[in-house]
Amino acid sequence: MRTSLDRESIRNIKSRVHDFLRRYGMHYERIEMQGMCNEFIREMDKGLKGEGSLGMLPTYIDPYINITANKQVIAIDAGGTNIRVAQVSFGIDKKPVVDYFRSYPMPGSRGEISKEEFFGTLVSYLEPIINNSDKIGFCFSYDVEILPNKDGRIRDFRKEVKVKGMKGTMIGYGLLDALEEYGYTGKKDVIVLNDTAATLLGVKFLKNDKVYDDYIGFILGTGTNTCYTEENRNIVKARDICSSEGSMLVNIESGGYAKLPLGLIDIEFIQGTSNPDHHLFEKMVSGAYQGGLMLKILRKAAEEGLFSDAAAKAIIALDSLSGRDMDDFIENPFAGKLYKKDAFSEMDSACIYFLVDAFYERVARLVTVNLASVILKTGKGANPCVPVCIAAEGSVFGKSKLFRSKLDYYVKEFMNQKNGIYCEFASSENAVIIGAGIAGLSSTVDRN
C-alpha cells in the first residue's frame, strides 16, 4: 500500500506525540543520564551498607572459579514456567560437554501444589541422572535470598507458579531432604544461584577466547537484574565478608532501583500493580510490565484526542497488551492485535508507532544508566581493546525489535563518547545451564 501522509503530516503527528508525553512526564528526555548514573552509584554504595533501594545481595560465589576437569555435575535451571535439567562436564580444554538435557513444566505452573509435591516432582525430573554425580548446581530464578552456605531461602514465587508453604523454605535443603525421602541416600551437595550470576559464569567460561577487563551479568526479560564482581572489603553490611580477602559476585537487584523520575502515567500504572512501592525500575523497563504500561499510555493518548474517534474507542476497548504485541506492531503496523483495520487510519497507526518508539527510547536510556553505572563503579572498561563483557540474556534484550538498536546507540553516544567506557554484549546458548554447572562444581552447601 502507498501512504497518503506527507512529511509535514508525519512531523505534526510526531510533534503531538512528544508534546503529549512531555505533559505527562513520560518523555525520555526526563531521563537525565549522567545525573542518574551518579545517583545509581550512590544507591549501590548504600546497598553495600544495607541501606537504600538496591539489595546488593552477596552471592558467596567467587567469579574466579577453578573447576575440576572431566567431573560430572547436575545442572538445574528453574525460571518462568519451565525447568531444565542437564548433566554437564568440562574437558581438559575447559569446553563443556552436555550429556543429557531435558525441559519440563515448572512444578506449580499448572495449578497450585504443595511443597512436598514440588520437591517430589523435582526428584522425578532428576531421577534419570541423579546417581551420576554428587554435585548439583541449581539456578533458581525467583525471589530467593542466597545465604553464606550457598543455599537459598525462598522469599516468593511469581504469580504463574503456585506452591503452598514454600515461603521461607531452603531450596537446597529441601531438595536434599526430598532425595533422601525418595531413597537416594548418597551424599549430594547443592549450590543455589540466580540466573544473573549463572549467565555471567556461563558466558565468562564460554567466551574465554577473548580478553575482557571484567564481566557483568544482565537479564532483561520478564524481569530485570544485574550482577557484578565486588571486592569483599566493600560489602560492609556483612562483617564476615568485609573482613575477608578476595571478591565475590553481588546480585544488585537492579529492578528495585527507586530513584526514578516517574511520570503521571507511570504512577497510575504502578499503583495498580502488586507491591506498588517496590521494583519501580523493573516496572518501567521489563517485559512483564511493558504491555500494561503501554496500554495505559495509549488509553491516555486516546482520552487526550491524539486518535480518531474510531481508533480511540478501539484502543480503550483493548483488554490487554503485551510486549510481543508491541513488537508485532513495529514489524507490521497494519496487522496484529494492536491494529484494528476498520478503526485505524494511517494517522492513527503513525501515532501509535511514535508512542511505542518513544517508549523504547526511554527503556534504552534507563537500561544504559543501569549498565554504565556498574561499569563506572568498578573503574573497568577504559581501554576499547579490553572492554567489559556484559553477559546478557532475556526476551526483551534478545527479541525486542526497537530496543536493541536504541541500546547500541546509547552505548556508543553515552558510554563510549561521553564517559570513555567500553563494553561488549555476549550471549551463549545454554549459558545459564553451563553457569549452574560451574557453580555446582565450586563448593558445597554445609548442612550442619
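Bear in mind the structure is a predicted one, so any value in this text is a computation, not a measurement.
Residues Thr199 and Glu393 have side chains that never bring a donor and an acceptor to within less than 3.5 angstrom of each other. With no hydrogens or angles considered, a side-chain donor-acceptor pair links Asp348 and Ser308 at under 3.5 Å. Between the side chains of Thr226 and Ser254, a donor-acceptor pair is found at a separation under 3.5 Å. No hydrogens or angles considered: nothing links the side chains of Asn12 and Ser9 as a donor-acceptor pair under 3.5 Å. Under 3.5 Å, the side chains of Ser349 and Glu346 contain no donor-acceptor pair of N or O atoms. A donor atom on one side chain and an acceptor atom on the other are found under 3.5 Å apart for Asn419 and Gln34. Judged purely by distance below 3.5 Å, without hydrogens or angles, the side chains of Lys283 and Thr273 pair a donor atom with an acceptor atom. Side-chain contact of Tyr228 with Glu230: a donor-acceptor pair under 3.5 Å is present, judged by distance alone. In this model, a donor atom of one side chain and an acceptor atom of the other lie less than 3.5 Å apart for Glu424 and Tyr212. A donor-acceptor contact closer than 3.5 angstrom links the side chains of Glu361 and Tyr410. Ser405 and Asp408 share no donor-acceptor pair across their side chains, judged by distance under 3.5 Å alone. Side-chain contact, Asp213 with Asn383: no donor N or O sits under 3.5 Å from an acceptor N or O.
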Quiz item: Could you walk me through whether Asp328 and Arg324 pass the salt bridge (Lys or Arg N to Asp or Glu O under 4.0 Å) check?
Solution: CA-CA 6 Å; Asp328 288 345; Arg324 176 64 182 271; 3.3 Å; yes
Practice problem: Would you please test Tyr360 and Phe403 for ring-ring contact (aromatic ring centres under 6.0 Å, His included) and show each step? | Solution: CA-CA 6 Å; Tyr360 279 113; Phe403 168 75; 7.1 Å; no
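Look at Asp357 and Lys14 and you find no salt bridge, because none of the NZ, NE, NH1 or NH2 atoms lies under 4.0 Å from a carboxylate O. Taking a cutoff of 4.0 Å between a charged side-chain nitrogen and a carboxylate oxygen, Glu304 and Arg23 qualify as a salt bridge. A salt bridge links Asp319 with Lys337; the closest basic N to acidic carboxylate O contact falls under 4.0 Å. Under a 4.0 Å N-O distance rule, the pair Lys380/Asp214 does not qualify as a salt bridge. The pair Arg22-Glu29 meets the salt-bridge criterion, since a charged nitrogen lies less than 4.0 angstrom from a carboxylate oxygen.
To the nearest 0.5 Å, atoms OG (Ser400) and CD (Gln290) are separated by 6.0 Å. To the nearest 0.5 Å, the span separating CG on Leu338 from CG on Asp327 amounts to 11.5 Å.
The backbone N or O of Gly47 sits less than 3.5 Å from a side-chain atom of Lys237, completing a donor-acceptor pair. The backbone N or O of Tyr257 lies less than 3.5 Å from no partner atom in the side chain of Ser53, so there is not a single donor-acceptor pair. Glu282 places a side-chain N or O within donor-acceptor distance of the main-chain N or O of Thr224, the cut-off being under 3.5 Å. Judged purely by atom type and a 3.5 angstrom limit, Thr59 uses its side chain to pair as donor or acceptor with the backbone of Leu249.
Within a 6.0 Å radius of CE in Met106, more than 12 heavy atoms belonging to other residues, nucleotides or ligands are found. Within 6.0 Å of CG on Asp93 lie more than 12 heavy atoms contributed by other residues, nucleotides or ligands.
Across all their heavy atoms, Ala86 and Val98 have their closest contact at CB-CG1, 4.2 Å.
Relative to the ring axis of Tyr215, Lys204 places its NZ or CZ within 45° and under 6.0 Å from the centre. Cation-pi geometry between Arg102 and Tyr100 is met: under 6.0 angstrom from the ring centre, within 45 degrees of the axis.
The aromatic rings of Tyr339 and Phe334 sit perpendicular to each other, their planes meeting at more than 60°, with 30° as the lower class boundary. Using the six-membered ring where Trp is involved, Phe425 and Phe397 have ring planes that are tilted, between 30° and 60° apart.
With Met166 as the fixed residue, the side chain to side chain contact (heavy atoms under 4.5 Å, CB included) test singles out one of Ile154, Val161, Ile113: Ile154. Screening Arg30, Arg362, Lys296 for a salt bridge (charged side-chain N to carboxylate O under 4.0 Å, His left out) with Asp266, the sole residue that qualifies is Arg362.
In this structure, Tyr289 and Met294 have side chains that are not in contact, with every pair of non-hydrogen atoms separated by 4.5 Å or more. A heavy-atom distance below 4.5 Å is found between the side chains of Ile13 and Phe354.
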